[in-house]
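Chain naming here is simple, since letters A, B, ... match the order of the sequence lines and numbering starts at 1 in each.
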2 protein chains.
Amino acid sequence: MNTAVKLSHNDHVPDCRDCPIRHRAVCARCEAEELERLEEIKYYRTYPAGQTVVWAGDRMDFVASVVSGIATLSQTMEDGRTQMVGLLLPSDFIGRPGRDDAAYDVTATTDLIICCFRKRPFESLMEKTPHIGQRLLEMTLDELDAAREWMLLLGRKTAREKIASLIAIIARRDASLNLKGKDKSMVFDLPLTREAMADYLGLTLETVSRQITALRKDGVIQLEGKRHVTIPDFERLLGETGDDSDGGYLV
Amino acid sequence: MNTAVKLSHNDHVPDCRDCPIRHRAVCARCEAEELERLEEIKYYRTYPAGQTVVWAGDRMDFVASVVSGIATLSQTMEDGRTQMVGLLLPSDFIGRPGRDDAAYDVTATTDLIICCFRKRPFESLMEKTPHIGQRLLEMTLDELDAAREWMLLLGRKTAREKIASLIAIIARRDASLNLKGKDKSMVFDLPLTREAMADYLGLTLETVSRQITALRKDGVIQLEGKRHVTIPDFERLLGETGDDSDGGYLV
DNA sequence: TTCATGATTTGACCTCGATCAAGGTCGGAG
DNA sequence: CTCCGACCTTGATCGAGGTCAAATCATGAA
């Protein structure tokens with residue numbers, strides 16, 4: 001979708017700028033050493049929009065970090081019902097140290113670049129470098145909070161509230177990624193198809209479409225084309241989510 | 001509930017047997033030192049069934065581990081809709097290092113004993129003792145997997161599948177706590193009210209009641225009283241969950 | 001340009017689970 | 001023992017969202 005923005009935003013650090021392990025301050029010397037070790041075990045991969053990165057159950061001999069683009073984690077039942085269980089934006093982590101098989105399908109929903117680390121070396125690096133584990137723990141706890149917020153959405157919200165919540169989540173993350181001013185009217189592209197939104201929200205794509213139309217007719221959002229959204233009044237949108245005011249979505 | 005098994009399993013360490021930090025092999029000397037440090041910052045608390053341990057938003061100056069009984073994490077919307085987001089059995093961890101306010105309501109659904117650690121000392125102990133963080137990472141990753149399985153349930157399963165899944169989860173956890181033989185007919189008490197099950201599953205208590213009745217009439221489960229369940233054929237029950245055969249529930 | 005393909009919208013209809021409303025069961029207090 | 005309140009079951013009805021079907025819109029290949 002709009003990876004151009006991200007690239008220009010970060011282009012002073014061409015390599016591996018989004019590795020989770022880089023997010024904690026360490027002394028310059030340690031940092032240099034650490035980066036050097038990481039250099040040895042890392043490589044990049046790219047996927048076009050729509051391509052599957054790994055299938056659930058496949059052996060996965062790497063962990064990775066999203067550099068640009070968007071990926072999803074999802075589960076599918078035997079009869080084809082599928083539920084998205086993770087939405088991965090730049091800097092998010094893919095994979096689980098200590099497990100060799102992928103638990104979920106990982107799919108690129110936009111063109112995607114990820115930075116991979118071979119798993120065994122990464123694991124031994126984790127043992128030698130406690131703060132990597134600490135950072136990973138923080139990220140995992142954040143993901144767990146996001147998953148629990150998501151559970152409330154899936155279990156108890158109406159279709160309209162679900163759509164409003166998803167748009168608010170995307171708007172917020174987009175805003176934070178692009179470092180825009182806070183309360184300006186927000187403008188962005190939906191990075192997901194109606195079907196992907198349905199899989200996120202536990203709805204059908206028809207219901208998603210209808211509710212988006214309803215929000216548009218009610219003036220909560222504006223649409224140009226199918227994907228380009230303007231939010232004239234973010235507070236108004238939040239009022240549609242069912243959440244108490246400032247709620248801390250972390251997805 | 002039934003901590004007896006765990007006791008005998010670890011009975012050379014009479015205190016604090018369920019601390020998450022005890023689950024990784026360390027040398028005897030380190031273990032002794034570590035236990036000593038833990039002793040200094042730990043204390044026990046008990047709650048009767050139904051009592052709230054902490055409210056979402058309250059300051060929480062401890063982390064804890066469930067010793068016996070069952071606790072739940074749940075979120076409530078302004079209008080009263082509530083969704084359970086965590087089910088904590090013995091040895092599960094409560095609280096989040098690095099955060100001072102509780103994110104969810106924590107409630108004892110049975111009589112409950114927890115082992116608490118004052119938060120600041122625990123956090124500094126974590127820094128000195130990497131394997132505590134490692135263990136916590138593992139546990140958090142397991143919880144995240146469980147949350148994602150739960151999301152599939154909430155988003156895509158029918159009421160009957162939800163009930164069957166919950167009963168299977170409880171049966172499996174109960175069996176593993178009691179170290180029973182695998183394919184014996186399973187017998188246990190439901191540790192949750194119909195309302196708590198509804199909050200777990202994103203249903204109303206009436207629907208829970210109706211579906212339990214239906215499963216009973218179809219011979220998938222047997223009921224004595226309201227809570228005492230016998231599962232004559234576990235495979236049959238699994239067939240009702242919608243999951244592909246051996247699925248790895250971790251809740 | 002035209003065609004094909006995939007994404008989206010819209011309509012008609014129906015079903016599953018929510019809602020509202022009684023009753024039933026059981027254990028503990030008096 | 002009886003009464004009370006918490007918990008559970010069952011029935012009747014309704015509506016949000018699912019299902020099926022068809023039309024519309026884009027976009028890129030030929």
Side-chain angles (χ1 to χ4, degrees), chain A residues 1 48-51 77 79-83 107 109-111 153-167 189-218 221 223-229 240 242, chain B residues 48-51 77 79-83 107-111 153-167 189-218 221 223-229 240 242:
Chain A
M1 283 281 61
Q51 192 158 82
M77 297 169 67
D79 61 6
R81 283 175 280 175
T82 90
Q83 174 64 52
T107 310
T109 59
T110 65
D111 290 345
L153 178 149
L154 289 172
R156 295 303 188 190
K157 288 190 179 179
T158 65
R160 170 181 263 245
E161 289 169 337
K162 287 179 176 182
I163 296 286
S165 299
L166 175 55
I167 293 175
D189 285 325
L190 292 173
L192 301 174
T193 64
R194 299 290 186 263
E195 186 179 24
M197 290 190 239
D199 286 343
Y200 186 113
L201 299 170
L203 297 171
T204 60
L205 66 89
E206 293 95 330
T207 298
V208 169
S209 178
R210 278 187 252 269
Q211 295 296 336
I212 288 181
T213 301
L215 287 176
R216 182 171 55 67
K217 286 187 176 159
D218 295 346
I221 60 173
L223 269 185
E224 254 174 287
K226 315 285 185 186
R227 300 287 194 92
H228 194 72
V229 177
E240 296 283 352
Chain B
Q51 191 158 81
M77 296 169 68
D79 61 6
R81 283 176 279 175
T82 90
Q83 175 64 53
T107 310
T109 60
T110 66
D111 290 344
L153 177 149
L154 290 171
R156 294 303 188 192
K157 288 190 178 179
T158 65
R160 172 182 261 244
E161 288 170 339
K162 287 179 175 182
I163 296 286
S165 299
L166 176 55
I167 293 175
D189 284 325
L190 292 173
L192 301 175
T193 64
R194 299 292 186 263
E195 186 179 24
M197 290 191 237
D199 287 343
Y200 187 112
L201 300 170
L203 297 172
T204 59
L205 66 89
E206 294 95 329
T207 298
V208 169
S209 179
R210 277 188 252 269
Q211 294 297 335
I212 288 180
T213 301
L215 287 177
R216 181 172 53 69
K217 285 187 175 157
D218 295 346
I221 60 173
L223 269 185
E224 255 174 285
K226 315 285 185 184
R227 302 286 195 93
H228 194 73
V229 176
E240 297 282 352

- [ ] Considering just the side-chain nitrogens and oxygens of T207(A), establish if one lies under 4.0 Å of OP1 or OP2 belonging to dG17(D).
- [x] no

Open item on the list: Can you measure R216(B) atom CZ to dT10(D) atom C1' for me and round it to whole angstrom units?
Closed with: 12 Å

Task: Nucleotide dT15(C), atom P - distance to CZ of R160(B) in whole Å - done: 18 Å

TODO: Tell me which nucleotide among dC8(D), dA18(C), dG17(D) gets nearest to the side chain of R194(B).
DONE: dC8(D)

Task: Side-chain (Q83(B)) to main-chain (D199(B)) donor-acceptor, under 3.5 angstrom - done: yes

TODO: Output yes when at least one side-chain N/O atom of R210(B) is less than 4.0 Å from OP1 or OP2 of dT10(D), else no.
DONE: no

TODO: Starting at atom CG of L190(B), determine the distance to atom P of dC7(D), rounded to an integer number of angstrom.
DONE: 15 Å

TODO: Looking at every strand, decide which applies to L203(A) at a 4.0 Å heavy-atom threshold: base, sugar-phosphate, or nothing.
DONE: sugar-phosphate

- [ ] Considering just the side-chain nitrogens and oxygens of T158(A), establish if one lies under 4.0 Å of OP1 or OP2 belonging to dA16(D).
- [x] no

Task: Axial bend angle, the helix from dT1(C)-dA30(D) to dG30(C)-dC1(D): five-pair end segments, nearest 10° - done: 30°

Task: Side chain R160(B), main chain I212(B), donor-acceptor under 3.5 Å - done: no

Task: Whether R210(B) side chain and L205(B) backbone form a donor-acceptor pair below 3.5 Å - done: no

- [ ] Using a heavy-atom cut-off of under 4.0 Å over every strand shown, decide if G202(A) touches base, sugar-phosphate, or nothing.
- [x] sugar-phosphate

Open item on the list: dA6(D), OP1 or OP2 - any side-chain N/O from T193(B) closer than 4.0 Å?
Closed with: no

Task: Heavy-atom pair of closest approach, residues K162(B) and L154(B) - done: NZ-O, 3.7 Å

- [ ] Ignoring backbone atoms, establish whether R227(A) has a side-chain N or O less than 4.0 Å from OP1 or OP2 of dT8(C).
- [x] yes

- [ ] Write down the distance between CG (L201(A)) and C1' (dG17(D)), rounded to a whole number of angstrom.
- [x] 13 Å

Open item on the list: Nearest 0.5 Å, please: how far is CG in L166(A) from CD in Q211(A)?
Closed with: 12.5 Å

Task: Sugar-phosphate only, base, or nothing, as touched by T204(B) at under 4.0 Å among non-hydrogen atoms - done: base

- [ ] Rounded off to whole Å, could you give me the CD-to-C1' distance for the E195(A) and dG6(C) pair?
- [x] 11 Å

Open item on the list: Would you compute the distance between atom NZ of K226(A) and atom CG of D189(A) and round it to the nearest 0.5 angstrom?
Closed with: 14.0 Å

TODO: Write down the distance between CD (Q211(A)) and C1' (dG18(D)), rounded to a whole number of angstrom.
DONE: 13 Å

TODO: Take R81(A) and T158(B) through the side chain to side chain contact (heavy atoms under 4.5 Å, CB included) test and state the conclusion after the steps.
DONE: CA-CA 11 Å; R81(A) 283 175 280 175; T158(B) 65; 4.1 Å; yes

Please tabulate, one pair per line, each protein N/O and nucleotide N/O from nucleotides 21-26 of chain D that are separated by under 3.5 Å, including the distance.
none

TODO: Return the nearest nucleotide to the side chain of A159(B); candidates are dT9(D), dG17(D), dG17(C).
DONE: dG17(C)

- [ ] In whole angstrom, give the distance that lies between atom CG of L205(A) and atom P of dG17(D).
- [x] 15 Å

- [ ] Output yes when a side-chain donor or acceptor of R227(B) lies under 3.5 Å from a complementary backbone atom of L190(B), and no otherwise.
- [x] yes

- [ ] Starting at atom CZ of R156(A), determine the distance to atom C1' of dG17(D), rounded to an integer number of angstrom.
- [x] 16 Å

- [ ] Examine distances only and state if a side-chain atom of Q51(A) and a backbone atom of T107(A) form a donor-acceptor pair shorter than 3.5 Å.
- [x] no

- [ ] Please report the shortest heavy-atom distance between S165(B) and K157(B), naming the atom on each side.
- [x] OG-NZ, 2.9 Å

